[in-house]
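Positions are given from 1 along the sequence.
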Amino acid sequence: TDLLNSFHLLFPDSEKYFVRTIKKFTLQISDKELLNDIKGFIGQESSHAREHEKVWELLREQGYEIDKFLEVFR
């Protein structure tokens, strides 16, 4: 359980990093199908990040002190 909980702490910033990185290159892409795939990927990763952050609240409610870790990791 703790291993899986740790994924919830690490994944949101990683997913946001993927989105930022891909967005930097979208202006260089002319393939409409690839741009559509990128748009879907960005939506998916943004949604995932929000859902992981919802788990943070559950962890806090269960007594986990995650904020110091998040400050260092971010």
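Judged purely by atom type and a 3.5 angstrom limit, Ser47 has no side-chain atom pairing as donor or acceptor with the backbone of Gln44. Formation of a donor-acceptor pair under 3.5 Å by the Trp56 side chain with backbone atoms of His8 is found in this model. The backbone N or O of Lys23 lies less than 3.5 Å from a partner atom in the side chain of Thr26, making a donor-acceptor pair.
Here Ile29 contributes atom CD1 and Ile22 contributes atom CD1; the two are 8.5 Å apart, rounded to the nearest 0.5 Å. Here OG of Ser6 is found 10.0 Å from CG of Leu59. Values are rounded to the nearest 0.5 Å. With rounding to the nearest 0.5 angstrom, the CG atom of Leu70 is 7.5 Å from the CG atom of Asp13. The line from CD of Glu45 to OG of Ser14 is 9.5 Å long, rounded to the nearest 0.5 Å.
Cluster membership for Ile42 and Leu34, using ILVMFWY side-chain heavy atoms within less than 4.5 angstrom, is shared. Leu58 and Tyr64 sit in two unconnected hydrophobic clusters of ILVMFWY residues. Membership requires side-chain heavy atoms under 4.5 Å apart, directly or through other members. Transitive grouping of hydrophobic side chains (ILVMFWY, heavy atoms separated by less than 4.5 Å) keeps Tyr17 and Phe69 in distinct clusters.
Side-chain contact between Thr1 and Leu4 is absent, with no heavy-atom pair separated by less than 4.5 Å.
Of all non-hydrogen atoms in Ala49 and Glu15, the two that sit nearest each other are N-OE1, 3.1 Å.
For Glu33, the CD atom sits in a loose shell: 12 or fewer heavy atoms of surrounding residues, nucleotides or ligands are nearer than 6.0 Å.
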Exercise for review: Might you work through the salt bridge (Lys or Arg N to Asp or Glu O under 4.0 Å) test for Lys54 and Glu51, ending with a clear yes or no?
Suggested key: CA-CA 5 Å; Lys54 287 180 183 178; Glu51 293 304 312; 3.1 Å; yes
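In this structure, His52 and Phe11 have perpendicular ring planes: the angle between them is above 60°, well past the 30° mark.
Between Arg60 and Glu57 there is a salt bridge, since at least one side-chain N of the basic residue sits less than 4.0 Å from a carboxylate O of the acidic one.
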